[in-house]
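To start, the structure itself, in structure tokens.
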There are 2 protein chains.
Amino acid sequence: MTRRDPTLEDVAREAGVSRATVSRVVNGVRNVDPGIQETVRRAIERTGYRPNRAARFLVTHRTETVALVISGTGDAFAARVFADPFFGRVVSGALEYLRAHAKHPVILVAESVEAREQVVDYLSKGTADGCLVVTMQAGDPLPTMLTAAKIPTVLFGRPEPGLAVSHVDLAQAEGARLAAERLVARGCRRVATIHGPRALPAARDRLTGFRAALAAAGIADVPAAEGTFTVESGAAAMRQLLAAHPGLDGVFAANDLMAQGACQYLRERGRRVPEDVAVVGFDDSSVAAACHPPLTTVRQPVERMAAEMARLLSEHIQGARTEPAAVLFEPELVVRESA
Amino acid sequence: MTRRDPTLEDVAREAGVSRATVSRVVNGVRNVDPGIQETVRRAIERTGYRPNRAARFLVTHRTETVALVISGTGDAFAARVFADPFFGRVVSGALEYLRAHAKHPVILVAESVEAREQVVDYLSKGTADGCLVVTMQAGDPLPTMLTAAKIPTVLFGRPEPGLAVSHVDLAQAEGARLAAERLVARGCRRVATIHGPRALPAARDRLTGFRAALAAAGIADVPAAEGTFTVESGAAAMRQLLAAHPGLDGVFAANDLMAQGACQYLRERGRRVPEDVAVVGFDDSSVAAACHPPLTTVRQPVERMAAEMARLLSEHIQGARTEPAAVLFEPELVVRESA
DNA sequence: TTGAAAGCGCTAACAC
DNA sequence: GTGTTAGCGCTTTCAA
């Protein structure tokens, strides 16, 4: 019943040539007579031959596959990832680049400690040539594990201090400055911020960058509340902030989802956005435009960043680059209605 | 510099036994002296050996990997997928089952026609033992391509007529009936619905099921508008509906995202939910509870359904099941505030 | 330009 | 209970 899949051998027999010749045609090596090339191509067609990836890997040590690893832990991590449009942009950007460069993209989710081990194990031997990783967890050990296993890796966001690995990042402080200046320009003077988990470098940078920019504008005291990058946590942080500082007239949230939560809560409490309280988000993810009111936000060119990760990884895989590289992107203020 | 990875041979030499013995230990085959077993285990430890997946596949034709394919097309498909919590639940459910059964889960995105080809190609030869597919596109050719390529496949949702492939599904009409009855019980008499793309079986079933249930309650005329399962499309459909039927007092949206959009639009137009217009969603995805007001919705046990898909697939892979199977799940009404 | 043959790392008969 | 050996399907010298 399960007729064996056709192999190179079968195609060779069918075409009346040797395995080696068929292999050359399949891999587009020159030095093959155009006539024979045609014959072989037809034989491939007729037999429905497809190269066996495993057999090929065994000799080339190449899979032409790149893994995109999404790492983090906590309750319903997978579910949370799929509720954050940010990841969609990362995936889009990486996918587009990889497809255009004939690499197979696969997405791996490392949602627990064991899952992380499994992912490393999986990647260690013949599954992908390298991986792109984006982690949502502070102090995530995955990048270290990956480099220890000598798996070519590129990170979204800078690594923990002490770990040398290629990555792309956004000029976070610069983005926070853009937000601060917008708020100040609008006339806000009683400004607060909803920041992400302090252990995350990006979150920390946005917080300190925001405060620094405000200090430069003469606003020294900036209340802050921590969220977890979800809509609910944004609303909760807004509640805290508003309770402690009812006179607030401006808020900077470290991502759009939290900004959305903040807007929701503000409106519930009868505050108009932006008339009473101006709100600036971060990312310019798909929710930003769909939000009520549409969010003024700091745009992060996520798709381009993801594509750059893939490009960097390709260089590492090809051996064209041996030293870790860091590529920094510039943020941009997108003005809509919330501030 | 790149010292060759240790192989079975290396471990064997280190342990002073044959390759076969090491292989037995690695694969947990009985008939190995406990003492030797220990020796080998230590040798593995010392050498840092990890089985080469490709080499193993070449002889066993097993990868212990299962692919979860998310298929669909259209603008920014990847981005849309990652904005719909529904997929997060599918992924969660599948991941949990697969991890528990020592299968490696990988996610593949088939976001375009070529991507679909690539995915089939990728799966055809030595990447995964089978795949779970969830498609958001009417008439998606992927399931047919997959079965034609003899790749063990299980679908989320019933296949196109004429295609025999294992799948899990929800009793859609039953779910729609639950929604209809809730609306009627609340006293709604001028009821409309926002349905999904008609070409999708699930969307069709919800629409006809809803109308049938309403007809049974004496409501024969049910205006309908089509959406695409996104928040924006839900708002747009609501606008149409409200323009044509200002007296509406109840709406059933075929998923929570569209229900959310509908609520947003209704509130913009000054309609209170549920006092003026009651709204029922579908899925009970994470947005349902976070919505304003929290959504009354028809719960689909997505995680359990995804786990069942994985179980079914395992049976197919093991050869324990040769005929396609269909497993039907029952929906459940979750009452919150919107209706 | 083409073919023969070695070998990638592993499992599974089969023999001992 | 353990070792020997024959491939799995492919690429890649090396000769011709």
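Just the heavy atoms: all of them, side chains too, but no hydrogens, waters or symmetry mates, feed the values below.
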Between [N] ([atom2]) and [X] ([atom1]): distance, integer Å:
X: A/R62; N: D/dG9; atom1: CZ; atom2: P; result: 24 Å
X: B/K125; N: D/dG9; atom1: NZ; atom2: C1'; result: 9 Å
X: B/L8; N: D/dG7; atom1: CG; atom2: P; result: 19 Å
X: A/Q37; N: C/dT1; atom1: CD; atom2: C1'; result: 11 Å
X: B/R56; N: C/dC8; atom1: CZ; atom2: P; result: 19 Å
X: A/D10; N: D/dG9; atom1: CG; atom2: C1'; result: 10 Å
X: A/H61; N: D/dG9; atom1: NE2; atom2: P; result: 19 Å
X: A/F57; N: C/dG7; atom1: CZ; atom2: P; result: 20 Å

- prompt: B/D33 near the nucleic acid: base, sugar-phosphate alone, or nothing, with a heavy-atom cut-off under 4.0 Å?
  reply: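 Sugar-phosphate, backbone atoms only, no base.
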- request: Look at all strands and tell whether A/V26 reaches a base, only sugar-phosphate, or nothing, counting heavy atoms closer than 4.0 Å.
  value: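 The residue A/V26 makes no contact with any strand.
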- request: Using heavy atoms to find the nearest nucleotide of DNA chain D for B/A20 and B/N31 separately, return the residue whose nucleotide is more 5′.
  value: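 Taking each residue's closest nucleotide, the earlier one in sequence belongs to B/N31.
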query: With a 4.0 Å cut-off, would you call B/E64 and B/R62 a salt bridge?
result: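 Yes, charged N to carboxylate O under 4.0 Å.
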- prompt: Does the distance from a Lys or Arg side-chain N to an Asp or Glu carboxylate O, for B/R50 and B/D5, drop under 4.0 Å?
  reply: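 Result for this pair is no, no salt bridge flagged.
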Please check the phosphate of [N] (OP1 and OP2 only) for any side-chain N or O of [X] closer than 4.0 Å.
X: A/N27; N: D/dT11; answer: yes
X: B/T21; N: D/dG3; answer: yes
X: B/S18; N: D/dG3; answer: yes
X: B/S23; N: C/dT11; answer: yes
X: A/N52; N: D/dC8; answer: no

query: Hey, which of B/V66, B/V165, B/L132 is the one that makes side-chain contact (heavy atoms from CB on, under 4.5 Å) with B/V154?
result: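 Result for side-chain contact (heavy atoms from CB on, under 4.5 Å) with B/V154: B/L132.
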- prompt: Is the gap between the ring centers of B/F82 and A/F87 under 6.0 Å?
  reply: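 Ring-ring flag for B/F82/A/F87: false, centres at least 6.0 Å apart.
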message: What's the closest nucleotide to the side chain of B/R19 if the choices are D/dG9, C/dT2, C/dC10?
response: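 Nearest to the side chain of B/R19 among the choices is C/dC10.
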- prompt: Ignoring hydrogens and angles, does a donor from either the side chain of A/R24 or the base of C/dT1 sit under 3.5 Å from an acceptor on the other?
  reply: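 Looking at the base of C/dT1, it does not pair with any donor or acceptor on the side chain of A/R24 (distance under 3.5 Å).
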task: Walk me through it: do B/D169 and B/F156 pass the test side-chain contact (heavy atoms from CB on, under 4.5 Å)?
output: CA-CA 6 Å; B/D169 205 351; B/F156 192 106; 5.7 Å; no
